[in-house]
Amino acid sequence: MLEWPARILFPPVCAGCRRHVSRPGVLCGACWPRLTFLEKPWCPVMGTPFSHDMGEGFLCGEALADPPPFERSRSAVVYSGVACDMVRGLKYHDRTDLAPWMAEWMLRAGSELLAEADIIVPVPLYWRRFFKRKFNQSAELARALAKASGLRFEPAAVTRVRQTLPQVGLERREREDNLRGAFRIPPEGALAIAGRRVLLIDDVYTTGATVRAVTASLKKGGAGAVDVLTFARVLPAGGEGDFQLDATVLI
């Protein structure tokens with residue numbers, strides 16, 4: 001009986017553009033074509049999609065040339081179109097209401113990682129940035145994933161001990177230098193991760209410099225293994241042409 005008054009006072013809006021829609025967590029007809037889901041076949045390590053099935057165990061060039069410290073990485077959508085709008089809305093415009101819907105897509109993309117994970121850990125913010133923003137977008141996604149999956153949420157397992165420059169516009173080597181020594185495992189975090197398989201959560205995978213740095217700290221701190229799950233993934237220019245939208249997937 002309380003649903004109708006709530007819908008009148010707070011009508012559901014599109015997760016992308018905020019047009020009115022039929023129910024919470026769906027995209028409108030204009031935003032839906034602007035979203036590209038990452039689908040199999042993909043590299044079993046990096047989650048980078050292939051244009052066609054390359055056979056079991058076939059690795060992408062990045063996994064072969066520069067093996068990551070984490071075991072596997074997966075992302076739900078390509079960082080373009082409405083996915084950019086959602087990430088920016090969550091990150092810069094206090095749209096924390098988007099986190100549960102974004103996490104639903106991440107659940108689907110990272111089902112194999114979630115099935116094997118022991119705990120969920122977000123990429124941390126430096127404390128000054130956290131107090132300025134009032135929340136950590138990666139932690140909001142991780143919290144929603146933990147609630148949906150039943151896994152333990154450990155937001156303080158790793159801390160950012162040094163303020164870094166914004167990563168936007170930096171080349172990969174500059175990003176790595178920028179993050180060197182930025183993360184640390186506190187004593188209580190070491191207890192939480194000891195020998196466990198950690199699922200590390202972030203909003204966007206760009207060059208991988210951030211999750212590589214956090215993974216290195218987690219492993220040094222005693223984690224048994226680390227997988228990475230992000231909402232969106234930046235792909236090389238022209239890399240979306242081989243993808244097909246899965247119109248059966250709703251937030």
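These numbers come from the heavy atoms of this one structure, side chains and all, not from hydrogens, waters or symmetry mates. Starting from 1, each residue takes its place in the sequence as its number.
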Worksheet item: Any idea which heavy atoms bring Ala144 and Ala103 closest together, and the distance?
Response: CB-CB, 3.6 Å
Practice prompt. Answer yes or no: is there a donor N or O on one side and an acceptor on the other, between the side chain of Ser217 and the main chain of Arg184, under 3.5 Å?
Written response: no
Worksheet item: Between CG of Leu199 and CZ of Arg74, what distance do you get to the nearest 0.5 Å?
Response: 11.0 Å
Discussion item. Checking Leu141 against Leu90 for the side-chain contact (heavy atoms from CB on, under 4.5 Å) test, could you report, in this order, the C-alpha distance in whole Å, the side-chain angles of both residues, the deciding distance, and whether it holds?
Written reply: CA-CA 10 Å; Leu141 293 171; Leu90 172 62; 4.1 Å; yes
Worksheet item: Do Ile193 and Phe153 share a hydrophobic cluster, counting only Ile, Leu, Val, Met, Phe, Trp and Tyr and linking them when any side-chain heavy atoms are less than 4.5 Å apart?
Response: no
Practice prompt. Please report the closest heavy-atom contact between Cys28 and Cys14, naming both atoms and the distance.
Written response: N-SG, 3.3 Å
Worksheet item: Can you name the residues that form a ring pair (Phe, Tyr, Trp, His ring centres under 6.0 Å) with Phe58, not counting sequence neighbours?
Response: Phe50
Worksheet item: For the atom pair CZ (Phe231) and CD (Glu104), what is the distance rounded to the nearest 0.5 Å?
Response: 12.0 Å
Item to complete: Specify whether Trp105 and Phe37 have parallel, tilted or perpendicular ring planes, treating 30° as the upper limit for parallel and 60° as the lower limit for perpendicular.
Response: perpendicular
Discussion item. Checking Ala194 now: which residues fulfil side-chain contact (heavy atoms from CB on, under 4.5 Å) with it, not counting sequence neighbours?
Written reply: none
Worksheet item: With sequence neighbours left out, what residues match Asp97 under side chain to side chain donor-acceptor pair (under 3.5 Å)?
Response: Arg95
Item to complete: Go through the structure and list residues passing side chain to side chain donor-acceptor pair (under 3.5 Å) with Arg133, not counting sequence neighbours.
Response: Gln137
Practice prompt. Look up atom OH in Tyr205 and atom OG1 in Thr210, then write down how far apart they are to the nearest 0.5 Å.
Written response: 10.0 Å
Discussion item. With heavy-atom distances below 4.5 Å as the criterion, would you say the side chains of Val228 and Arg212 are in contact?
Written reply: no
Fill in: Straight-line distance of Leu218 CG to Phe70 CZ, nearest 0.5 Å
12.5 Å
Discussion item. Suppose the criterion is salt bridge (Lys or Arg N to Asp or Glu O under 4.0 Å): which pairs have a residue in residues 80-94, not counting sequence neighbours?
Written reply: Arg34-Asp85, Lys91-Asp203
Discussion item. Let's go through Ile120 and Ile201 carefully: what are the C-alpha distance in whole Å and the side-chain angles of both, what is the deciding distance for side-chain contact (heavy atoms from CB on, under 4.5 Å) to 0.1 Å, and is it a yes or a no?
Written reply: CA-CA 7 Å; Ile120 291 180; Ile201 305 299; 3.6 Å; yes
Discussion item. List the residues meeting side-chain contact (heavy atoms from CB on, under 4.5 Å) with Ala109, not counting sequence neighbours, and say none if there are none.
Written reply: Ala76
Item to complete: Not counting sequence neighbours, which residues clear side chain to side chain donor-acceptor pair (under 3.5 Å) with Thr48? List them please.
Response: Arg233
Worksheet item: Are any of the side-chain heavy atoms of Pro68 and Val45 separated by less than 4.5 Å?
Response: yes
Fill in: Minimum heavy-atom distance between Leu229 and Leu145, given as atom pair plus value
CD2-CD1, 4.1 Å
Worksheet entry | Heavy-atom side-chain proximity of Pro124 to Val158 below 4.5 angstrom | yes
Worksheet entry | Verdict with reasoning, Arg160 to Val214, per side-chain contact (heavy atoms from CB on, under 4.5 Å) | CA-CA 9 Å; Arg160 191 182 294 239; Val214 179; over 6 Å; no
Fill in: Listed once per pair and sorted, the side chain to side chain donor-acceptor pair (under 3.5 Å) pairs that draw on residues 139-151, sequence neighbours left out
Glu140-Arg143
Worksheet item: What is the minimum heavy-atom distance between Val123 and Asn136, and which atoms define it?
Response: O-ND2, 2.9 Å
Item to complete: Please report the shortest heavy-atom distance between Ala190 and Ile185, naming the atom on each side.
Response: N-CG2, 3.4 Å
Worksheet item: When you look at CD of Glu56, are more than 12 heavy atoms from neighbouring residues, nucleotides or ligands closer to it than 6.0 Å?
Response: no
Worksheet entry | Counterpart residues, side-chain contact (heavy atoms from CB on, under 4.5 Å), relative to Arg152 (two or more places apart) | Ile119, Glu154, Ala192, Arg196
Practice prompt. Supply the atom-to-atom distance Leu113 CG to Met106 CE, rounded to the nearest 0.5 angstrom.
Written response: 10.0 Å
Item to complete: For residues 222-231, pull every pair meeting salt bridge (Lys or Arg N to Asp or Glu O under 4.0 Å), keeping only residues two or more places apart or in separate chains.
Response: Arg72-Asp227, Arg197-Asp227
Worksheet item: Has the side chain of Thr207 got a donor or acceptor atom that lies under 3.5 Å from a matching backbone atom of Ala209?
Response: yes
Discussion item. Taking side-chain contact (heavy atoms from CB on, under 4.5 Å) as the definition, give me every residue that meets it alongside Leu64, ordered by chain and number, with sequence neighbours left out.
Written reply: Leu59
Discussion item. If the condition is side chain to side chain donor-acceptor pair (under 3.5 Å), which residues does Lys219 pass it with, not counting sequence neighbours?
Written reply: Glu71
Response to the item:
Minimal heavy-atom distance between Ala83 and Val78, with the atoms involved, is CB-O, 3.3 Å
Discussion item. To the nearest 0.5 Å, what is the distance between CG on Leu114 and CZ on Arg108?
Written reply: 13.5 Å
